[in-house]
S.K.: 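One structure, as structure tokens, below. Some questions next.
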Amino acid sequence: MSNFEPEIVAFCCHYCAYTAADMAGTRRISYPSNVKIIRVPCTGKVDAIHLMKALEKGADGVYVAGCLDGDCHFKNGNLRATAHVEKIKKVLEDLGWEPERVAMMYFSAGMGEQFAQGAKEFTEKIKSLGPSPASQTVGKAV
Amino acid sequence: MITAEQKPLQEIFGYIAPYEKILVVGCNECVTVCAAGGRKEVGLLSSALRLHSVKAGKKLEVLEHTLERQCDPEYVDQLKELAGQVDAIVSLACGCGIQTVAAQYAIPVFPGVNTKFMGASESQGIWAERCMGCGDCMLGVTGGICPVARCSKSLMNGPCGGNSSGKCEISEDVDCAWQLIWNRLVELGIQDRYEELVAAKDWRPAGGGGPRKIIREDLAASKIITEDMA
Amino acid sequence: MKTESRLEKVLASGQLAVTSEVGPPRGCNVDIVKEKANLIKDYVDGINITDNQTAMVRMSSIAGGTIIKQMGLDPIIQMVSRDRNRLAMQSDILGAYALGMNTMLCLSGDHPQFGDHPMAKPVYDIDSINMIKMVKDMRDEGKFQGGADITEPPKMFIGAAANPFADPFELRVMRLAKKVAAGVDFIQTQCIFNTDKFETWMKQVVDRGLDQKVAILAGITPMKSLGMAKYMKSKVPGMDIPDEVIDRLAGVAKEKQAEEGIKMAIEQMQRLKECKGVKGFHIMAIEWEQKVPELVKGAGLYPRPQV
Amino acid sequence: MQKIKQDEKRVLVIGGGVGGIKAALDLSESRKQVLLIDSDYAIGGLMTQLDRTFPTNNCDLCTVSPHLSATTREKFLQISPMTELTSLSGEAGNFTATLNTAPRFIDIDKCTACGECLKKFPEAVRFTPGLDPRAPTCMRYPQATPYAYSIDMEKIDDVEALKAVCKAGAIVPDDSEQQIQVNVASVVLSVGAELFNPGVLDNFGGGKFDNVVPGLEYERIMSASGPFQGNLVRKSDQQRPKKVAWIQCVGSRGINRHDVSYCSSVCCMYALKEAMVTKERFGNDIETTIFFMDMRTFGKDYEPYYNRAKEDFGIRLIRCRPHSIIELPDKSLEITYAKEDLSLMEKEQFDMVVLSTGFRPSQKTIDLAGTLGIDLTEHNFAKSGTMDPVTTSKDGVYVCGVFESPKDIPETLVQASAAASMAGTAVPSGEWVEDLSLYPPQRDVEGEDTKIGVFVVDCDGEIGQSLDIDKILENAKTNPDVAVAEAFNLSCSFESMEKIEGLIKEQKLNRVVIGSGSPRIQEIMFQDMLRRAGLNPYLLELVNLRDQNAWAHNDAPAKSLEKAFQLVQSGISGVRKAKPLAENMLPTSQNALVVGGGVTGMTSALELADQGTLTYLVEKAPVLGGQALNLSQTIEGDDVAAFVKDLVNKVSAHENIKVFIDAVIAEHKGVPGKFTTGVKIGARTEQIDHGVTILATGATPNRPAMYGLGELDKVMTQLDLDAILENDESKIKAMGQLVMIQCAGSREADNPNCSRICCQAAVKNALRLLDVNPDLEIFVLYRDIRTYGFQEDYYKTARDKGVKFIRFDLEHRPVVREEAGKTIVRAHDFILGQDIEIEADCVALSTGLVANTETNKELCGLFNLPKTEDGFFLEDHVKLKPVDMALRGFFVAGTAHSPKVIRESITQAHAVAGRARTMLANKEITLGAAFATVDPVKCAVCLICVRACPYDVPFINTERHSEIDPAKCRGCGICVAECPAKAIQLRAWEDDQILAKLDGLFERV
């Protein structure tokens, strides 16, 4: 599976992680194009269902990226997001999926480098896990 | 409120294994309030079932619907069309709702939650047992704290010797109900009442007398009359 | 005399009573019961047979009591409301009395959560206080709980437990009063280590005149070792073990600790003999029954009166 | 090139640091014309160079950026970088300012900050902050305003080559210095100060030791945008240091050649911050040590920060002023210092030493003061009014921030708002025009079939160089509902915008997808374009093809293109679900309510009333004046009683102020901008309508039962002593020895904060006592002397006049006792190392202020406002919004915020008046469109949203479902995610929009 290119969705909060992603671009720090970002006002807005739906639709990995602990612009949305991600990890475990297919990350607006690093590491991780069962089926359907 | 918790996914997978098209039905009452079987949980469980079927390499179509209340036949009637399309139903309502659905549709109906207890919300995400439905409420003599539901031994004349710093002998996380009752009596200035012996409980109204039913003649009258006329 | 109980007779004679206990085996070996009973038989006025103590399955207390009765001794059968409803308890009481047992202890029992059958349904149909009343009604009114007459009522001498150290302290005497009101004849207390606190409790008992209505036997447990003292202090709920107990045991060499423990228990009994309202002792020598004679002698309570 | 408008009357703000930006924003929000000039090529000032800022230890970039990008949105604000004032003539209300703008050689309207010029001509791009060549980007910070580079033309040999590099055509080779004259009604000076250069200090290495760095440079080393990408290493060997030391007061509080005498007020906090962040980020194996004289953590909630540093972070604190540093062969450093008891000199080795240097006015600033004609103090700071700290010696010229006196960011922001408020009185607020009237009416698109326009708006190759835009458009066109798909080059120019507008109108498009840069920057611009085209601005989806695709995946063009297809498809899919949304607007009440009739409340009320605002002033006591009535003099010698009397007279006589005395707040209801409050005066309750509320309820003098207060006759508080000084000098003359005990009831377990005012109060009273009785022996028992800023000079005077300062700590507390009619104070002298006893004729306890717990609790309950643990009102953001409360329209000032001296309270009073003006000037309050709405049918009234909302907005209404007030909703969407009945949606971010975007990503078109 060396040429496997995973589909990865990243839900990023407007104030911190999305800005960090912009900064990675501004500084031309490259990270895998597998990562596609969906902007949300706050990671606390990311419903656990969204993570499941992303996997259902064929994402091989999904992560939520919010502000650093204590920096959330809406007090504690990032901690709620963490709880949602943890819940979905448990569900995946019950399903016999690798829980590592979902993750939570934290960046401040200035952490472009770290954003790229996180994207890289997550992509590597998913590559090593291989395609998700759903993406295989979706792939076959096309 | 009746509280419930989602069943282990593996158990639900086991129930639905033989079927290719199922309906997950939520209830917008108690189980929504305790975040076990509302629209959101229906969505999450449906997603999980789909992902599971994909992993298992089997065909599975999952429909989703949430009723206003699953323990009323009129609401359950609304499932008619959807139920006609599926092989089986997973209900996320409490045991009352599940049985109402099962009574109305001639396809297998499986529980998606474990119905737990009648409880109150202590804070966001935490519910605690408050009532056992003993049918003969004694809160009037115990300062508004129920020893039947909240004392591990349902003692009528507690506390037992296991009370340590106000916590029950079974766990430090459980308050000693009789300590609470005593505190409350003191707070209300009626601690003298403590020494009145509370007689052994008659368990008939609690279900000892068989399955219970309430018939409100005034409300049920028209129904009875209609039936009689028919 | 309400009953034929030897304990009642000793108490009525105005002398200090002594009881101890035997835990039935986790199997059918009759000899174990006999062996333990033989160790203490001349030194006590009654022998408690525990009822699935700490919610672990053991030979039934009535069966154990029967063996002891057959040895010519005086069993005190314990009965917990955890495992039986009213129906079962009353029938067991009839049976026990029919087999010659005339003294019993009414308890609610440790919760099954503690024992080896946490999955079992706890019954708790009635609590210990209502159980006292039930036994009293059987004896004095000749009535079953359902209201029917008993053709030949069981004449049980009724005991119960009290824990002066459980929380809240201010309720401990009041709850004893409830047991007295329910008709209890004697009380065996939880093991006492904090003697000062026990005396405070006793004083309140005496002040309310409860000692006139019920005979209180002070619970005595000798410490086998420093380790045991520390374990009981930290791990056993409802135990009040003051630092001086720990310090005193820690102050002697390890091999002398058992001896020191016995010495401490004897001193304690001597002190409590003077305590107003104390009518005797209930010695719980956990897995150390062979030390009961030494304790009874040491406290000057030997020989036991013949009644 | 941006041209400065010359005709309109305006406020000129000089200096684009946080203070200047804040002043300019406040003024523009108040609809007053303002011109912000800065000599640098981007605004931002010192704060943009910091790594994290105390006390929140937040990443600085993150907290400052929303602040800065807001500036560009304001209609009344013009920014002119690289501009300096060369003369100011005329008088207050009608100055003429001459401004010189240096050539930038870049057209900032065209420059897209792509960085190509920097790549090719790294030498030619101007760049300031520390440790330069290795910094990762030439922009001063990622969200620079203006978002444009600046070229040093002298360093360019081949202009044509430079022009060729710039795809945007932004190079202006013949740019030249411009001079203009503008009419200015008033001036706000926010020029800050420089940091002392410790390179002149021979004993600390004279700037030659690699691993001795000033505090700011240490910040740059730790900063994520700094030269080492936030990796802490030594300059000498790129190794992580194991032991770092900070030396405080370098160049400050001294008498040596290079020293200044004053205290720089911020260095203690920043050293603690740097040490804590070091521990936090680089692990506990780094040992951090701070050498200090007095730990001056006097700000709001700063003392707990200090305690955390000590207790939770294990930062080592050594009380002494080190003597010298020498460099060892391995470039490590040896510090020589004397212990407090002077017993012996110690030597200790460190890997790195940070010098905490303070503020110094720059020569440029001193010259500017000359140009303006304002007086300077002996320390070359602006001479400001003792009771009105933002006024200067010249009418119409105001000062704020560090140029007034050393201070931290929150205090700078308070002064900036205050200066803006006072300067703004000279300029009328612009007429209120409803913004929507500027645009054509919005087309009703309901019922129309979806008709999407997809536009890739490139900036001369930024996107096109790496991505095949034609293919992207081709791909987009395969969607049957995409009617137009076109590319526009030359970026977001006015021309491109007009063309897209035309297409939207011609083709009757009802949804628009723009593929361009980041929506964070561009959304507002394109939303505006939609409005101009007669479309609702929410029928738009932006696809970030540049920052998050073209720029990020240079290494994999094919994959990058595939991602572009997916992103555009996601945008198309998402925009189909977009709905036209109305932005909520609410007309505001134009009245103000001021709670508390002390100096702060009266000052705020006067300033608002002077500008025509009907102001209700509610005072609980039977008279106006508050705590100032108990105070006779300030440390500067002002007569407080006379000042208060004057204020009361003005307030009482003002036609726009309605005073209620003996009155309390009894009821309150309404939404931001429109409140109704019941004021109870005796038995009657009067209902008043108001749009803004100012909380100026003050604080209470503490009277702790310590050191014999209330028991021993000779023990009293500083306020009691003040009264004796004022009324009974003979008593003072009769005294021989007097002892003051500091921190009585403050910095203790039950009241952990520093009360801020007590050190200066003690020094002030000591000096006044000596004036009356020069023979009096005064002992001040203290824990840390916190005479911050220029108060330090009075402290020095007191020492020079023989006042004895003896330190104690909580383990060696003074004891006061009475013995044979004598009052004796026993204290430990650390220098002597033994206890001493003093027979005192008077013991004055410095007891400070505590919160009006009862009043504040009541008001917080009524108004639904948060308070601090110790009962003061809690501001919205400790750093960036120091006088705004979390609920819009509420402001806090004076000692109700935290203990402070009168002049600081007055500053806050002006600041809140200014902040209140920003709301009142806009007759309507815009509430945005992104708020949560509840579907009543689905709602299960479970209360989960009520409990989850970080702002307590949702409630269960009388119709038995949850309701969310759009005016209060902040649009985070947390309730949406938590709702178990899926009954809540966040407008503009609805679940079906998000799911549609997901669908788009996985659609294989």
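The model shown is predicted, which means the values in this text are computed figures rather than measured ones. Order of the sequence lines fixes the chain letters, A, B, ..., with proteins taken first and strands second; residue numbering starts at 1 for each chain.
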S.K.: Do you know the tightest heavy-atom contact between D:R511 and D:V445?
M.R.: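 D:R511 and D:V445 have their closest heavy atoms at NH1-CG2, 4.1 Å.
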S.K.: Quick one: does D:K997's side chain get under 4.5 Å of D:E541's, heavy atoms only?
M.R.: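 Result yes, sub-4.5 Å side-chain heavy-atom pair found.
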S.K.: Could you go through the side chain to side chain donor-acceptor pair (under 3.5 Å) check for B:N183 and B:E187 one step at a time?
M.R.: CA-CA 6 Å; B:N183 293 349; B:E187 189 187 339; over 6 Å; no
S.K.: Does B:L63 reach the side chain of B:Q85, with side-chain heavy atoms less than 4.5 Å apart?
M.R.: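 Sidechains of B:Q85 and B:L63: in contact.
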S.K.: Side chains of D:K579 and D:Y538, heavy atoms from C-beta outward: is any pair under 4.5 Å?
M.R.: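 Not in contact.
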S.K.: Would D:D301 and D:N753 count as a side chain to side chain donor-acceptor pair (under 3.5 Å) here? Give the steps.
M.R.: CA-CA 6 Å; D:D301 276 329; D:N753 263 304; 2.8 Å; yes
S.K.: Tell me whether D:Q993 contacts the main-chain N or O of D:E990 through its side chain, where contact means a donor paired with an acceptor under 3.5 Å.
M.R.: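 A pair under 3.5 Å: yes.
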S.K.: Does D:V937 offer a backbone N or O that forms a donor-acceptor pair with the side chain of D:D935 under 3.5 Å?
M.R.: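 Yes.
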S.K.: Please list, in residue-number order, every residue in residues 22-38 of chain B that has a heavy atom less than 4.5 Å from any heavy atom of chain D; write 'none' if there are none.
M.R.: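 Under the 4.5 Å heavy-atom cut-off, B:N28, B:T32, B:V33, B:A35, B:G38 qualify.
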S.K.: Donor-acceptor check, side chain of D:E963 to backbone of D:F955, threshold 3.5 angstrom: yes or no?
M.R.: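 Absent.
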S.K.: Which residues from residues 94-129 of chain B are near chain D, with near meaning under 4.5 Å between non-hydrogen atoms?
M.R.: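 Contacts with chain D: B:S121, B:S123, B:Q124.
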S.K.: Within a strict 4.5 Å, meaning less than it, do heavy atoms of the B:D87 and B:E20 side chains meet?
M.R.: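 Yes, at least one pair of side-chain atoms sits under 4.5 Å.
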S.K.: Go through D:A983, D:A948, D:A981, D:C939 and name the one with the most non-hydrogen pairs under 4.5 angstrom from chain B.
M.R.: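 With the most close heavy-atom pairs to chain B, the winner is D:A981.
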